[in-house]
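First comes the structure, then the notes that go with it.
Reminder, nothing fancy here: chain letters follow the sequence lines and each chain counts from 1. The analysis underlying the following values was restricted to heavy atoms, covering all of them including side chains, and did not include hydrogens, waters or symmetry mates.
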2 protein chains.
Amino acid sequence: MNTRVRGQNLTYSIANHIGTAIVTGVYSKDNPIPIEADLSKEFGASRPVLREAVKMLTAKGLLSARPRRGTWVQPESHWNLLDPDVLGWLLQRKFSTALLIEFTELRLAVEPAAAMLAARTAGAAEKAALSAAIERMQAAERGDDDPLESDIAFHVAVLQASRNRFYAQLTGFTATALRFSIRMTNRYKGVRLASVAVHKKVSDAILAGKSAAAGEAMRRLIQEALRIMKKRHAESAARKGTPEA
Amino acid sequence: MNTRVRGQNLTYSIANHIGTAIVTGVYSKDNPIPIEADLSKEFGASRPVLREAVKMLTAKGLLSARPRRGTWVQPESHWNLLDPDVLGWLLQRKFSTALLIEFTELRLAVEPAAAMLAARTAGAAEKAALSAAIERMQAAERGDDDPLESDIAFHVAVLQASRNRFYAQLTGFTATALRFSIRMTNRYKGVRLASVAVHKKVSDAILAGKSAAAGEAMRRLIQEALRIMKKRHAESAARKGTPEA
DNA sequence: ACCGCAATATTATAATATAAATACGATTAT
DNA sequence: ATAATCGTATTTATATTATAATATTGCGGT
């Protein structure tokens with residue numbers, strides 16, 4: 001149980017285990033999360049270590065505890081979904097197209113706005129990062145760079161260029177979304193090649209300080225990705241709905 | 001030091017103290033955060049308790065620790081600003097108009113999009129909540145309800161009606177933003193009263209399923225709030241810039 | 001000057017004891 | 001019979017202490 005793959009120490013390893021178990025719905029009313037003492041036995045760890053792991057998860061809104069009542073899982077609405085760890089656990093083990101769609105709906109709001117801000121406030125360094133990302137995408141188009149990573153670099157550059165700390169916070173989420181969306185829109189290549197031009201349109205507008213154009217271009221870009229996801233989602237739902245068709 | 005006002009127990013109380021100290025910039029290169037042993041002395045708490053508090057803060061991206069290297073504050077870019085606690089600490093003790101503006105810029109992206117989604121997907125219960133919030137605002141207009149709380153109820157209702165878990169996550173943030181923005185736009189009772197009509201426009205569009213109209217109405221609403229904030233911000237910046245004028 | 005090793009500081013883990021909080025049940029009074 | 005109160009048991013909260021692991025720093029040798 002204490003493989004310690006990630007985070008390198010027992011506390012983090014246990015927090016990851018329990019965190020994953022919680023978000024994947026292992027615990028329920030019939031199967032509540034065990035008390036501190038039992039958990040520490042289960043993981044073969046001391047109580048202090050286990051308590052630290054539990055405290056980390058309460059800090060992320062997943063757990064709560066009281067004397068005599070024990071430890072319990074918070075309702076899902078209380079989970080801090082925007083915490084990178086929580087989101088990672090959720091997507092890693094319970095990947096669902098529905099979640100990815102919800103996620104992309106948030107990106108559809110955030111990234112065009114970030115592009116608009118970026119067009120107004122981006123400095124030299126941020127513009128350089130943006131240009132570099134576009135060049136990487138063009139290189140990827142020729143097979144000289146990684147399409148996914150260059151794509152991520154572009155979206156991150158836009159968010160950073162907004163010079164807004166809250167948008168900048170979302171870089172991790174966009175990166176996560178893109179990494180997972182590749183599972184869905186697997187053929188990346190055909191779609192991606194065409195979209196380099198669209199990405200460049202965003203970049204050009206930001207570099208030229210054209211706020212509205214930048215926002216609109218970004219909106220189209222993500223809207224198109226969302227459209228494909230929804231189509232796929234509907235198809236797979238139809239397959240499940242009529243298994244013998 | 002162990003007043004235990006919030007969270008009721010020592011661990012949370014210490015996490016709050018240290019968390020607040022971190023985000024308000026108490027610790028720096030010259031004044032690094034003390035090591036575990038010294039911190040536990042400082043707060044008069046046992047080491048396990050202090051370690052739990054530190055682990056909660058590492059879970060929120062504020063701290064990191066290694067054997068022999070000690071404990072250190074993570075760079076600001078690493079802080080989980082979207083964590084309600086972190087944001088609360090930041091605004092409570094280091095309230096700045098700049099931060100509120102950045103925050104509202106995010107709302108300007110998110111809430112119109114949520115309104116658009118809501119117009120398409122809101123169910124009966126969500127629509128009822130929305131109508132109730134509008135009625136509360138109208139009551140507040142007559143002095144029969146609290147203007148701030150009814151305003152919050154409205155924005156929360158829209159986010160919830162989007163039926164998107166990530167938008168729903170942001171209800172706490174919008175509530176926080178509104179509570180703090182009243183400090184700034186406090187004397188603008190006139191503006192507030194007039195805006196009930198604008199809020200109702202959003203609500204009507206959502207209830208009628210008019211997505212684009214709902215989004216546009218919400219965008220205008222927040223854009224106006226943002227405009228006022230920026231004006232104030234510029235004014236106070238000017239005052240500071242020319243103290244003897 | 002550079003490489004390696006040892007000393008040392010600090011967190012990580014463990015074991016254990018005591019205190020506080022609270023849910024539940026029993027008992028008593030109305 | 002029902003409600004209220006009190007006691008008991010369970011679980012987390014806090015404290016103490018010891019040992020292990022880890023990584024930095026400096027020293028010493030080459």
Side-chain angles (χ1 to χ4, degrees), chain A residues 1-19 21-22 27 29-74 78 85, chain B residues 1-19 21-22 27 29-74 78 85:
Chain A
M1 209 42 93
N2 43 4
T3 37
R4 304 210 196 178
V5 271
R6 176 186 168 169
Q8 302 294 44
N9 71 29
L10 240 191
T11 302
Y12 291 131
S13 149
I14 293 176
N16 272 304
H17 264 96
I18 302 181
I22 291 170
Y27 304 117
K29 201 150 194 180
D30 315 318
N31 179 35
I33 188 165
I35 62 170
E36 207 175 278
D38 292 344
L39 280 172
S40 77
K41 263 184 222 161
E42 183 181 330
F43 286 96
S46 69
R47 275 189 60 214
V49 163
L50 189 114
R51 280 180 58 81
E52 285 172 15
V54 166
K55 279 279 150 57
M56 293 186 75
L57 296 176
T58 64
K60 294 176 187 298
L62 300 189
L63 288 177
S64 198
R66 286 285 152 89
R68 168 81 218 218
R69 279 187 62 186
T71 306
W72 65 91
V73 174
Q74 292 273 37
H78 204 270
D85 287 331
Chain B
M1 209 44 93
N2 42 4
T3 38
R4 302 209 198 180
V5 273
R6 176 186 168 171
Q8 304 291 44
N9 71 29
L10 240 192
T11 302
Y12 292 131
S13 150
I14 293 175
N16 272 302
H17 264 97
I18 303 181
I22 291 171
Y27 303 117
K29 200 149 194 181
D30 314 319
N31 179 37
I33 188 165
I35 62 169
E36 206 174 279
D38 292 345
L39 280 172
S40 77
K41 265 186 221 160
E42 184 181 330
F43 286 96
S46 68
R47 276 188 58 212
V49 164
L50 189 114
R51 281 180 59 82
E52 285 172 14
V54 166
K55 279 280 150 57
M56 292 184 76
L57 296 176
T58 63
K60 293 176 188 298
L62 300 189
L63 288 177
S64 198
R66 285 285 151 91
R68 168 80 217 218
R69 280 189 60 186
T71 306
W72 65 91
V73 174
Q74 292 272 37
H78 205 271
D85 286 331

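If you check dT14(D), dT22(D), dA14(C) against the side chain of Leu10(B), the one that comes closest is dT14(D). Side-chain proximity of Pro48(B) to dA23(D), dA15(D), dA12(C): nearest is dA15(D). For Val49(B), whose side chain is taken as the heavy atoms from C-beta onward, the closest listed nucleotide among dT14(D), dT10(C), dT11(D) is dT14(D). Comparing dT12(D), dT22(D), dT14(D) by their closest approach to the side chain of Pro67(B) singles out dT22(D). Checked against dT24(D), dA12(C), dT16(D), the side chain of Glu36(B) finds its nearest nucleotide in dA12(C).
You won't find any donor-acceptor pair under 3.5 Å spanning the side chain of Arg68(B) and the base of dA23(D), going by distance alone.
What separates CG of Leu39(B) from P of dA12(C) is a distance of 13 Å, to the nearest Å. For the pair Arg66(B) CZ and dT25(D) P, the computed distance is 14 Å after rounding to whole Å. Atom P of nucleotide dA15(D) and atom CZ of Arg51(A) are separated by 11 Å, given to the nearest angstrom. Between the NZ atom of Lys41(A) and the P atom of dA15(C) there is a distance of 13 Å, given to the nearest Å. Per the geometry, CZ belonging to Arg69(A) stands 12 Å off P belonging to dT12(D), to the nearest Å. Between the C1' atom of dA13(D) and the CD1 atom of Ile14(B) lies a distance of 12 Å, rounded to the nearest Å. Taking atom CZ of residue Arg47(B) and atom C1' of nucleotide dA18(D), one finds them 11 Å apart after rounding to whole Å. Counting to the nearest Å, the P atom of dA9(C) and the CG atom of Asp38(B) are 13 Å from each other.
Residue Thr71(A) has no polar side-chain atom (N or O) positioned under 4.0 Å from OP1 or OP2 of dT11(D). Close to dA12(C), at under 4.0 Å from its OP1 or OP2, lies a side-chain N or O of Lys55(B). When the side-chain nitrogen and oxygen atoms of Thr11(A) are compared with OP1 and OP2 of dA12(C), none of them lie within a distance under 4.0 Å. Residue Ser46(B) places at least one side-chain N or O closer than 4.0 Å to OP1 or OP2 of dA15(D).
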Evaluate the side chain to side chain contact (heavy atoms under 4.5 Å, CB included) criterion for residues Ile33(A) and Ile18(A): first the C-alpha distance (whole Å), next the side-chain angles of each, then the deciding distance (0.1 Å), finally the verdict.
CA-CA 9 Å; Ile33(A) 188 165; Ile18(A) 302 181; 3.9 Å; yes
Passes side chain to side chain contact (heavy atoms under 4.5 Å, CB included), Lys55(B) versus Arg51(B)? Steps please.
CA-CA 6 Å; Lys55(B) 279 280 150 57; Arg51(B) 281 180 59 82; 3.4 Å; yes
In sequence, state the C-alpha distance, the side-chain angles, and the governing distance for Tyr12(B) and Thr58(A), and then conclude on side chain to side chain contact (heavy atoms under 4.5 Å, CB included).
CA-CA 10 Å; Tyr12(B) 292 131; Thr58(A) 64; 3.8 Å; yes
Glu36(A) vs Val54(A), test: side chain to side chain contact (heavy atoms under 4.5 Å, CB included). Steps then yes/no.
CA-CA 9 Å; Glu36(A) 207 175 278; Val54(A) 166; 5.9 Å; no
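Distance CE/Met56(A) to CG/Leu57(B): 10.0 Å, rounded to 0.5 Å.
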